[in-house]
Engineer: 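Starting off with a structure, shown below.
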Amino acid sequence: MKRLADAIAADVGAVDVYGAASLLPNDCGVSVRFAASDGRGLRRGIVAGWQATRRHLFGGSPGLLGQALWQPMAG
C-alpha cells in the first residue's frame with residue numbers, strides 16, 4: 001500500500017495539482033486528498049490518481065471508453 005500511495009502522490013504532483021495520499025489504518029486502503037485552483041485542475045488530479053492506481057494494480061494504463069478523460073473539455 002505504501003508504494004501505491006507514493007505512486008499516486010507522484011503522479012498527482014506532476015499535473016500541478018496539490019495532492020496527498022496516505023495509508024488508512026491497518027493498511028486497509030489509501031486516502032487521497034486534492035486541492036486545485038479550479039475544476040479543471042481538480043479533474044486533472046483525479047484522473048492522474050486514477051491512472052496511477054490502475055498502473056500500480058494492473059500493470060498498465062486504463063483502456064478508454066468513449067472520450068478520453070484527460071482531453072480538454074469543450075467550451
Side-chain angles (χ1 to χ4, degrees):
M1 286 293 168
K2 175 76 170 113
R3 288 186 297 161
L4 173 58
D6 292 343
I8 292 171
D11 281 15
V12 169
V15 293
D16 294 328
V17 173
Y18 172 77
S22 56
L23 298 176
L24 293 174
N26 299 320
D27 288 336
C28 67
V30 175
S31 173
V32 182
R33 299 167 309 283
F34 300 100
S37 59
D38 58 17
R40 289 182 182 180
L42 179 60
R43 182 178 181 179
R44 283 193 312 270
I46 291 171
V47 169
W50 173 61
Q51 290 176 338
T53 301
R54 290 292 303 257
R55 278 193 306 277
H56 181 80
L57 296 177
F58 301 110
S61 293
L64 300 177
L65 298 175
Q67 179 186 5
L69 293 176
W70 53 87
Q71 291 179 350
M73 296 186 313

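Note: hydrogens, waters and symmetry copies are ignored here, and every other heavy atom, side chains too, is used. Please read all numbers here as calculations on a predicted model, not as lab measurements.
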Engineer: Establish whether L42 and V15 are linked, either directly or via other cluster members, by ILVMFWY side-chain heavy-atom contacts under 4.5 Å.
Structural biologist: yes

Engineer: Counting neighbours of CG on N26 that are heavy atoms of other residues, nucleotides or ligands and sit closer than 6.0 Å, is the number greater than 12?
Structural biologist: no

Engineer: List for me each residue that meets side-chain contact (heavy atoms from CB on, under 4.5 Å) alongside A20, sequence neighbours excluded, and say none if there are none.
Structural biologist: Y18, R33

Engineer: Give a yes or no on whether V47 and V17 share a hydrophobic cluster (residues Ile, Leu, Val, Met, Phe, Trp, Tyr; joining criterion: side-chain heavy atoms under 4.5 Å apart).
Structural biologist: no

Engineer: Out of curiosity, L57 CG to T53 OG1, how far, rounded to the nearest 0.5 Å?
Structural biologist: 6.5 Å

Engineer: About how many Å separate NE2 of H56 and CD of Q51, when rounded to the nearest 0.5 Å?
Structural biologist: 15.5 Å

Engineer: Return all side-chain donor-acceptor pairs below 3.5 angstrom for residues 2-11, not counting sequence neighbours, or 'none' if the list is empty.
Structural biologist:
| residue | atom | partner | partner atom | Å |
| --- | --- | --- | --- | --- |
| K2 | NZ | D6 | OD1 | 2.9 |
| K2 | NZ | D6 | OD2 | 3.4 |
| D11 | OD2 | R55 | NH2 | 2.0 |

Engineer: Closest heavy-atom contact between L24 and S31?
Structural biologist: CD2-CB, 3.7 Å

Engineer: Given side chain to side chain contact (heavy atoms under 4.5 Å, CB included), test V30 with L23 step by step and report yes or no.
Structural biologist: CA-CA 5 Å; V30 175; L23 298 176; 4.3 Å; yes

